[in-house]
Each structure stands twice: as C-alpha cells, then as structure tokens.
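Along the sequence shown, residues are numbered consecutively beginning with 1.
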Amino acid sequence: MHLLRLPAGCPAAIEVHRLDIDTRVGGAAVTRLLTQPERERTRRLHRADDRARFAQTRAALRCLLAARLHCAPLEVPIAVDARGKPFLANVGGAPLFNVSHSGRHALIAMAAPGCVGQLGVDIEQCRTHDDLPALVDLVFSPREIEALRSEDDAVRGFHLRWTGKEAVLKAIGLGIADHLRSVGIHPGADGRLEVDCTIPGWQDRGLQAIVLDSPSGHAAALAWSPATKGP
C-alpha cells in the first residue's frame with residue numbers, strides 16, 4: 001500500500017492509502033484475513049477481477065484498522081449499514097473510514113473522529129461513455145454543464161466532478177442515485193473542489209473536497225466535514 005501525500009489544508013487527522021490490486025494474488029494469503037461471510041461474498045462475485053478487488057481491499061482495510069485498534073485483523077468488528085457502507089460496530093472512539101475501488105486500484109481513507117465528522121473517498125477509471133452528453137444532462141447541474149463545455153478533455157472533466165460528487169455523498173452517508181444533482185462540484189486552485197449543495201442544511205456541515213493523486217487513466221477525490229463540537 002502507498003500512503004498518499006495530501007495537499008496543504010487537508011486535516012492532518014486524515015490519511016489516504018492506495019492499494020494496487022494484483023489479480024494473481026489470492027488464496028490463503030488473502031482469505032485468511034477475511035471472515036466467513038466475507039469469504040462467501042467473495043465467492044458470489046462472478047468475475048475474477050471483482051473477487052480480487054473486494055477480497056484484497058477488505059483484507060487491507062482489516063489490517064489498517066487492526067493496527068489502530070491493537071487487535072488481530074479478524075477481530076476488527078466491521079459491520080455494514082442498510083446502504084452497504086461498512087463501519088465499526090460498538091467501538092468507542094473508533095477511526096472513521098471509507099473505501100473505494102475501480103480497475104486495479106483501491107483507496108482507503110481513515111480519520112480520527114475527534115477532528116473529522118464525516119469522510120468519503122472515490123476513485124474511478126476514466127472510461128469514455130457513448131451516451132456521455134445524455135449522462136451529463138442527467139447528473140450535472142447547469143453550472144457544471146456550462147463549465148464542462150469549455151474543457152478540452154470532457155471525459156476527464158466528467159470523472160473529476162463525478163468522483164467529487166460520490167466522495168461528498170459517501171461522506172454524508174447517502175446513495176448517489178437520488179442526489180447527484182443536489183451536489184455541485186467545481187474545480188478550483190490547488191486541487192480544491194468547491195462543493196455546492198442545494199439541499200437545506202447540507203451546506204452548513206462545512207463539507208470540503210479535494211482532488212487526489214491517482215494512477216494514469218483514473219480520477220479520485222476525498223471529501224470530509226469537521227467534527228461537530230459538543231456543548
């Protein structure tokens with residue numbers, strides 16, 4: 001795994017690790033780090049690449065969390081909420097984390113809960129879509145569409161904004177299907193992404209987002225909000 005260097009202004013409490021997926025690695029070396037339900041989930045995936053992505057990413061996540069919780073990887077109490085988002089069950093003061101994978105790469109973001117309230121990360125392969133214009137109209141706001149029209153690389157610009165949206169929505173804890181146009185992403189200086197939320201209350205969370213360094217042919221983003229202060 002590679003620990004990414006995050007730009008200035010990102011909270012020091014956040015770490016992002018990049019895992020490069022190797023489809024040749026599997027068997028006992030990986031599955032011994034997975035629980036029985038995770039092994040069964042891996043087997044249910046039809047494609048070998050999907051099995052490698054899930055198994056290796058979950059094993060890496062368990063190792064990172066185990067180091068922070070001072071336990072064995074299999075003892076890390078990972079649970080999954082109704083939307084499929086993993087979290088740590090019944091662990092006081094547990095680190096926040098979020099995971100994304102695409103192609104041969106995965107990102108694991110982690111943060112101390114006292115400094116960060118919400119956390120989301122996303123990575124995507126920059127694929128060309130035959131129906132890109134229709135997709136742009138479906139998921140982007142008028143301001144985003146206008147900005148995309150002036151970009152030299154529309155595919156890159158699309159995925160830059162898409163990963164920003166996904167990272168923000170994952171931080172909030174919502175699925176992307178119903179809220180893509182509720183979050184506007186506008187690239188700024190120094191890798192910053194301006195976040196424009198149209199749903200009342202979201203903007204008050206102090207959501208911030210940045211572009212992450214990513215392998216060639218990929219785009220990635222990180223989103224977070226500060227921890228709320230107690231009375």
Side-chain angles (χ1 to χ4, degrees), residues 1-6 14-113 116 118-127 163 166-167 169-171 173-177 212-223:
M1 278 185 291
H2 311 279
L3 180 62
L4 299 187
R5 181 177 180 180
L6 301 181
I14 297 178
E15 292 182 354
V16 179
H17 300 261
R18 192 187 93 197
L19 173 68
D20 299 325
I21 308 296
D22 187 347
T23 57
R24 298 168 298 178
V25 176
V30 173
T31 57
R32 67 181 178 84
L33 298 172
L34 305 180
T35 63
Q36 187 61 34
E38 290 167 343
R39 296 179 190 182
E40 293 173 358
R41 177 176 173 180
T42 302
R43 286 194 291 269
R44 288 196 300 268
L45 297 171
H46 296 294
R47 299 177 63 247
D49 285 355
D50 291 336
R51 292 194 293 271
R53 272 191 291 270
F54 174 76
Q56 291 178 39
T57 303
R58 182 55 61 91
L61 173 64
R62 284 191 167 279
C63 289
L64 287 172
L65 290 171
R68 286 157 176 77
L69 299 177
H70 308 291
C71 66
L74 279 173
E75 295 173 341
V76 177
I78 297 176
V80 179
D81 67 16
R83 296 184 180 274
K85 183 177 180 178
F87 67 97
L88 289 176
N90 303 316
V91 179
L96 302 176
F97 67 91
N98 197 239
V99 174
S100 178
H101 48 67
S102 181
R104 298 293 180 89
H105 306 285
L107 295 178
I108 301 173
M110 309 191 76
V116 176
Q118 297 169 304
L119 186 67
V121 69
D122 190 56
I123 184 170
E124 300 286 345
Q125 279 187 294
C126 297
R127 300 185 179 94
T163 54
E166 282 228 37
L169 290 169
K170 289 173 73 177
L174 296 174
I176 67 169
L212 293 175
D213 289 337
S214 56
S216 177
H218 292 69
L222 173 74

Worksheet item: Going by heavy atoms in the side chains, are Arg68 and Met110 under 4.5 Å from each other?
Response: yes

Worksheet item: Thinking salt bridges, do Asp49 and Arg51 make one under a 4.0 Å N-O criterion?
Response: no

Worksheet item: With a 4.5 Å heavy-atom cut-off, do Pro86 and Arg58 have their side chains touching?
Response: yes

Discussion item. Looking at every non-hydrogen atom in both residues, tell me the closest pair between Pro95 and Pro113 and how far apart they are.
Written reply: CA-CD, 4.0 Å

Worksheet item: Nearest 0.5 Å, what's the CG-OG1 distance between Leu222 and Thr163?
Response: 10.5 Å

Practice prompt. Mark yes or no for whether Gln125, through its side chain, and Gly217, through its backbone, hold a donor-acceptor pair below 3.5 Å.
Written response: no

Worksheet item: OG1 of Thr57 to NE2 of His17: how many Å apart, nearest 0.5 Å?
Response: 13.5 Å

Fill in: Considering all heavy atoms, the nearest Ala219-Cys126 contact
N-SG, 3.7 Å

Worksheet item: Do other residues, nucleotides or ligands put more than 12 heavy atoms under 6.0 Å from Asn90 CG?
Response: no

Worksheet item: Can you find a heavy atom in the side chain of Leu212 that is under 4.5 Å from one in the side chain of Val16?
Response: yes

Discussion item. A quick test of your reading: do over 12 heavy atoms of other residues, nucleotides or ligands sit less than 6.0 Å from CG of Asp213?
Written reply: no

Worksheet item: For Asp122, does its backbone N or O pair with a side-chain atom of Lys170 as donor and acceptor, under 3.5 Å?
Response: no

Discussion item. Any heavy-atom pair between the side chains of Val76 and Cys63 that's under 4.5 Å?
Written reply: no

Discussion item. Go through it in stages, so that I can follow the logic: the residues are His2 and Asp20, the test is side chain to side chain contact (heavy atoms under 4.5 Å, CB included), and I'd like the CA-CA distance, side-chain angles, deciding distance and then a yes or no.
Written reply: CA-CA 9 Å; His2 311 279; Asp20 299 325; 3.1 Å; yes

Worksheet, complete the sentence: Value for CG (Leu69) from CG (Leu88), rounded to nearest 0.5 Å, stands at 6.0 Å

Item to complete: Step through it carefully: locate the ring centre of His105, locate the ring centre of His218, and say whether they are under 6.0 Å apart.
Response: yes

Fill in: CZ-CG distance between Phe54 and Leu34, expressed to the nearest 0.5 angstrom
7.0 Å

Worksheet entry | Ala79 versus Ala89, closest heavy-atom pair with distance | CB-CB, 4.0 Å

Practice prompt. State, with a plain yes or no, whether a side-chain heavy atom of Leu107 is found less than 4.5 Å away from one of Leu4.
Written response: yes

Discussion item. Quick check against the 3.5 Å criterion: does Ser100 have a side-chain atom that pairs as donor or acceptor with the backbone of Ile123?
Written reply: yes

Fill in: Under-4.0 Å salt bridge between Arg62 and Glu38
yes

Practice prompt. Measure the spacing between CD of Gln56 and OG1 of Thr42 and express it to the nearest 0.5 Å.
Written response: 10.0 Å

Discussion item. Using every non-hydrogen atom in the two residues, find where Leu61 and Ile78 come nearest and quote the distance to one decimal.
Written reply: CD2-CD1, 4.0 Å

Discussion item. Any non-hydrogen side-chain atom of Val99 less than 4.5 Å from a side-chain atom of Val121?
Written reply: no

Fill in: Distance-minimising heavy-atom pair for Gly120 and Asn98
CA-OD1, 3.4 Å

Practice prompt. For Arg39 and Thr31, indicate whether the former's side chain and the latter's backbone hold a donor-acceptor pair under 3.5 Å.
Written response: yes

Worksheet item: Mind checking whether Leu169 and Glu166 have side chains closer than 4.5 Å, heavy atoms only?
Response: no

Worksheet item: Would the number of heavy atoms belonging to other residues, nucleotides or ligands and lying under 6.0 Å from CZ of Arg5 be above 12?
Response: no

Practice prompt. State the CZ-OG distance between Arg53 and Ser102, to the nearest 0.5 angstrom.
Written response: 7.0 Å

Practice prompt. Could you tell me whether the side chain of Leu65 reaches within less than 4.5 Å of the side chain of Phe97, counting heavy atoms only?
Written response: yes

